[in-house]
Structures are given as structure tokens and as C-alpha cells.
Chemist: 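Attaching a single structure in C-alpha cells format; questions to follow.
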Amino acid sequence: MTAHLRTTVTAVGPDVPDLLEGGVLILFADGAPPELAEVSVLHSVVEGPSDEPPAVGAPIRVGSVLASLTGIGPLAWAKVRDIGHVVINFNGEAEPARPGELTASPVDGGELAAALRSGAEIVIGG
């Protein structure tokens, strides 16, 4: 199965570990403004994003950490396609709290932080 999005981490903002403790990962395409880069994982797209969003249950892999998609906000995939931005909340909720958010099964924040380094791959679907 082809990935809906395959991207490579290029930088991890200094405030990212604090957000990961709460289960929140913010992705922004390279070139994000500095104030957003501080709280974001910057990335460069390798494949995708697909026109259609992934389905609930699709795998999300961040380095070696694996989760499943549990919810898709109504604006989330359009933001991925348009500006390479998405918030992934690893809280297991079926309904994202914000329209531009994806939700996923819970993961260990420390493991997620350890997996996020320059060159790591993030794959949604596939």
C-alpha cells in the first residue's frame, strides 16, 4: 500500500519535547516561520501527500514508534496538502478537538522524542 504521506525530519524545535510529554506533535514543512519552528518538527516531503486523507485505523509511524490514526479533523488533510502542516494528538480520541488536527492511539512521549531526530522518517498510511 502506498503511503498517504512519507516525509523526513529535517529539524526538531527546542520546545518539541515539552509538547510530546502531552502527546502533541506539530509538523511543519521546511521554511516555517521561526516562532512556529520552535514548537514544530520541520520536515521535507518524500512521497505525497495523497489527494484523499488516510482512513481511521491507518498506521502512523514516527521513526520506530508506531500508532494508529483514530480521528481526522475536517481541515487536517487540506492543511497537510496545502502547507505541510498538521498537529497529531496521540490521545486516542475519535473526534479531534480542533478541525486541523489528527488524533492517534497513545504512545510514550519519551519514546516519541527519542525517535524524532534529523533524518528520521514519518509515514502516515501505507
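Everything numeric here is computed off the predicted structure, so don't read it as measured data.
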Chemist: For the residue pair Gly71 and Pro96, what are the closest heavy atoms and their distance?
Modeler: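 Heavy atoms only, the tightest pair is C-CG, 3.8 Å.
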Chemist: Is it the case that Thr70 and Thr103 place a side-chain donor and acceptor less than 3.5 Å from each other?
Modeler: yes
Chemist: Of all heavy-atom pairs between Pro14 and Pro17, which one has the smallest distance, and what is that distance?
Modeler: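 Closest heavy-atom pair between Pro14 and Pro17: O-CD, 3.6 Å.
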Chemist: Is there a donor-acceptor pair closer than 3.5 Å between any side-chain N or O of Thr10 and the backbone N or O of Ser44?
Modeler: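 Absent.
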Chemist: Any side-chain heavy-atom pair from Arg98 and Asn89 closer than 4.5 angstrom?
Modeler: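 Yes; the side chains approach each other to less than 4.5 Å.
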Chemist: Compare every heavy atom of Ala29 with every heavy atom of Ile83, then report the nearest pair and how far apart it is.
Modeler: O-CB, 3.7 Å
Chemist: Main chain of Ala97, side chain of Glu101: is a donor-acceptor contact present, judged purely on distance under 3.5 Å?
Modeler: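 Such a contact is found between Glu101 side chain and Ala97 backbone.
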Chemist: Under the side-chain contact (heavy atoms from CB on, under 4.5 Å) test, which residues partner Ala113, sequence neighbours left out?
Modeler: Leu20
Chemist: On a heavy-atom basis, which atom in Val86 and which in Gly100 lie closest, and how many Å separate them?
Modeler: CG2-O, 4.0 Å
Chemist: Check the surroundings of atom CD in Glu95: do more than 12 heavy atoms from other residues, nucleotides or ligands lie under 6.0 Å from it?
Modeler: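 No, the 6.0 Å shell around CD holds no more than 12 heavy atoms from other groups.
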Chemist: Under 4.5 Å between side-chain heavy atoms, counting indirect links through other Ile/Leu/Val/Met/Phe/Trp/Tyr residues: same cluster for Val16 and Leu102 or not?
Modeler: yes
Chemist: Are Val123 and Val87 in one and the same hydrophobic cluster, where Ile, Leu, Val, Met, Phe, Trp and Tyr link if side-chain heavy atoms are under 4.5 Å apart?
Modeler: no
Chemist: Taking C-beta and beyond as the side chain, do His85 and Ile26 meet within less than 4.5 Å on heavy atoms?
Modeler: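 Of all side-chain heavy-atom pairs linking Ile26 with His85, at least one is under 4.5 Å.
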Chemist: Give the cluster check for Leu19 versus Ile88: same hydrophobic cluster or not, with ILVMFWY residues linked at side-chain heavy-atom distances below 4.5 Å.
Modeler: no
Chemist: Same hydrophobic cluster for Val39 and Leu25, using side-chain heavy-atom links shorter than 4.5 Å among ILVMFWY?
Modeler: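 Not linked; separate clusters.
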Chemist: State, yes or no, whether a side-chain contact exists between His43 and Leu27 at a heavy-atom distance under 4.5 Å.
Modeler: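 In short, these two side chains touch, coming nearer than 4.5 Å.
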Chemist: Show, in sequence, the C-alpha distance, side-chain angles and deciding distance for Val65 and Phe90, and conclude whether the side chain to side chain contact (heavy atoms under 4.5 Å, CB included) test is met.
Modeler: CA-CA 12 Å; Val65 177; Phe90 292 92; over 6 Å; no
Chemist: CD1 of Ile124 to CD1 of Ile72: how many Å apart, nearest 0.5 Å?
Modeler: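 If we round to the nearest 0.5 Å, Ile124:CD1 and Ile72:CD1 are 9.5 Å apart.
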Chemist: Identify every side-chain donor-acceptor pair in residues 48-64 under 3.5 Å, counting partners at least two apart or on other chains, and give the distances.
Modeler:
from	atom 1	to	atom 2	distance (Å)
Ser50	OG	His4	ND1	2.8
Ser50	OG	Glu52	O	2.6
Arg61	NH1	Gly63	O	3.1
Arg61	NH2	Glu121	OE1	2.6

Chemist: Between Val9 and Leu116, is any pair of side-chain heavy atoms under 4.5 Å apart?
Modeler: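 Sidechains of Leu116 and Val9: in contact.
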Chemist: About how many Å separate NZ of Lys79 and CZ of Phe28, when rounded to the nearest 0.5 Å?
Modeler: 7.0 Å
Chemist: Testing the basics here: between Ala32 and Ala37, what is the closest heavy-atom pair and its distance to 0.1 Å?
Modeler: O-CB, 4.4 Å
Chemist: I need the Leu66 CG to Ser105 OG distance, nearest 0.5 Å.
Modeler: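 The distance works out to 7.5 Å.
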Chemist: Do Leu5 and Trp77 have side-chain heavy atoms sitting under 4.5 Å apart?
Modeler: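 Sidechains of Trp77 and Leu5: in contact.
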